[in-house]
Amino acid sequence: MMARPKQQSLDLSAYTIPTHVAIIMDGNGRWAKRRGLPRQAGHRAGAENLRRIISACVEFDIKILTIYAFSTENWGRPESEVRGLMKIFARVLDQEIYDLDAQGVCLHHLGDLTGVDPTLQEKVRRAIELTKNNNKLILNVAFNYGGRAEILHAVREMLADGITPGELTEEIFSSYLFTAGLPDPDIVVRTSGELRISNFLIWQAAYAEYYPTQAYWPDFDREELYKAIVAFNQRERRFGLVPDEE
Ligand code: FPP
C-alpha cells in the first residue's frame with residue numbers, strides 16, 4: 001500500500017468558513033500543454049484534483065461546494081474532447097461515488113440532463129439517489145449548465161405555475177432555480193487567471209466575493225483553498241450597505 005503523503009496542518013480556527021464555495025475549474029488544457037501532454041491528461045488530472053478538493057471541503061467544514069463541470073457552450077469543443085470528458089464523468093460516477101458517499105457527500109445536479117447520453121443520465125440519477133441522505137457536504141455539479149438557461153427555465157416554470165407579477169419575490173424566484181433551498185455562494189473561485197463569470201450562477205452569485213487565482217485547476221490544492229478562505233476573511237462584505245462604524 002502506498003503511504004499517504006503527510007499533510008501540512010492548516011489552522012482555520014481564527015477564520016469564518018464560507019458556507020458555500022463555488023468554483024469555475026479552469027486551466028486543465030493549459031496545465032497539460034505546459035507538460036507536453038494531451039488535453040485529456042489535463043482533464044484526468046482535474047478529476048483527481050476534484051477528489052482532493054472535496055476532501056479538503058469536508059475537512060474545513062465547508063457545507064456546499066458547487067463546481068462548473070460542463071457548460072452548455074462546452075458541446076462546441078472538438079468531438080473527441082467532449083467524448084473524453086463524458087468518459088471521465090462516467091468513471092467518476094461509476095467508481096468514485098462510493099468513496100464520496102462514505103465521506104458524507106450528497107450529490108446534486110444543476111443543469112439540464114435532456115440531450116445527454118441516456119446511460120450517463122442514468123448514472124447521474126443513481127448517484128443522486130445513493131447519496132441523497134448524506135449531510136456532510138452538498139456537492140452541486142453544474143453539468144450541461146448555463147446561468148441564462150437556468151433563469152429562462154425558472155421563468156417558464158413560474159408561468160406554468162401561474163405565479164402572478166404581484167406575488168413574485170426574490171425568494172420565490174430563487175426557489176425555482178436548480179439551487180432551490182440552498183444559500184447563495186459566499187465566494188466564487190476561478191482558477192487559471194481568467195477574469196470572467198462565464199454564465200455561472202449569475203443570479204445566485206450576485207453578492208459573492210470573486211476570487212481569481214493564477215493556479216491551473218489541477219494545481220489548485222488544499223493549500224490554495226485555504227488561501228482562498230483567508231482572502232475571503234479579508235474582504236469586507238457590505239451587501240450594498242455602508243461600511244460598519246469604526
Ligand atoms: C476547464 O479546463 C475544465 C473543464 C472543461 C471542466 C472539466 C472538469 C474536469 C474534468 C474536472 C473533473 C470534474 C468532474 C465533474 C469529474 P479547460 O479545458 O477549459 O482548460 P484550458 O482553458 O486551459 O483549455
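Order of appearance sets the numbers: ligands from 1, and atoms from 1 within every ligand.
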query: With distance as the sole criterion, is a donor-acceptor pair present between the side chains of D186 and H20 under 3.5 Å?
result: no
Starting from the N and O atoms of ligand 1, find every protein N or O within less than 3.5 Å and list the pair with its distance.
unit_1: ligand 1; atom_1: 2 (O); unit_2: G27; atom_2: N; d: 3.4
unit_1: ligand 1; atom_1: 2 (O); unit_2: N28; atom_2: N; d: 3.2
unit_1: ligand 1; atom_1: 18 (O); unit_2: R39; atom_2: NH2; d: 2.8
unit_1: ligand 1; atom_1: 18 (O); unit_2: R77; atom_2: NH1; d: 2.8
unit_1: ligand 1; atom_1: 19 (O); unit_2: D26; atom_2: OD1; d: 3.2
unit_1: ligand 1; atom_1: 19 (O); unit_2: R77; atom_2: NH2; d: 2.8
unit_1: ligand 1; atom_1: 20 (O); unit_2: G27; atom_2: N; d: 3.3
unit_1: ligand 1; atom_1: 20 (O); unit_2: N28; atom_2: N; d: 3.2
unit_1: ligand 1; atom_1: 20 (O); unit_2: G29; atom_2: N; d: 3.0
unit_1: ligand 1; atom_1: 22 (O); unit_2: D26; atom_2: OD1; d: 3.1
unit_1: ligand 1; atom_1: 22 (O); unit_2: R30; atom_2: NH2; d: 3.0
unit_1: ligand 1; atom_1: 23 (O); unit_2: G29; atom_2: N; d: 3.4
unit_1: ligand 1; atom_1: 23 (O); unit_2: R30; atom_2: N; d: 2.8
unit_1: ligand 1; atom_1: 23 (O); unit_2: R30; atom_2: NE; d: 2.7
unit_1: ligand 1; atom_1: 24 (O); unit_2: R39; atom_2: NH1; d: 3.1
unit_1: ligand 1; atom_1: 24 (O); unit_2: R39; atom_2: NH2; d: 3.0

- prompt: Taking the six-membered ring where the residue is Trp, are the ring centres of F178 and H153 under 6.0 Å apart?
  reply: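 Between F178 and H153, the centre distance is under 6.0 Å.
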- prompt: Is the gap between the ring centers of F143 and F89 under 6.0 Å?
  reply: yes
Decide, yes or no, whether a salt bridge links [X] with [Y] under the criterion of side-chain N to carboxylate O below 4.0 Å.
X	Y	value
D26	R190	yes
E48	R51	no
E224	K227	yes

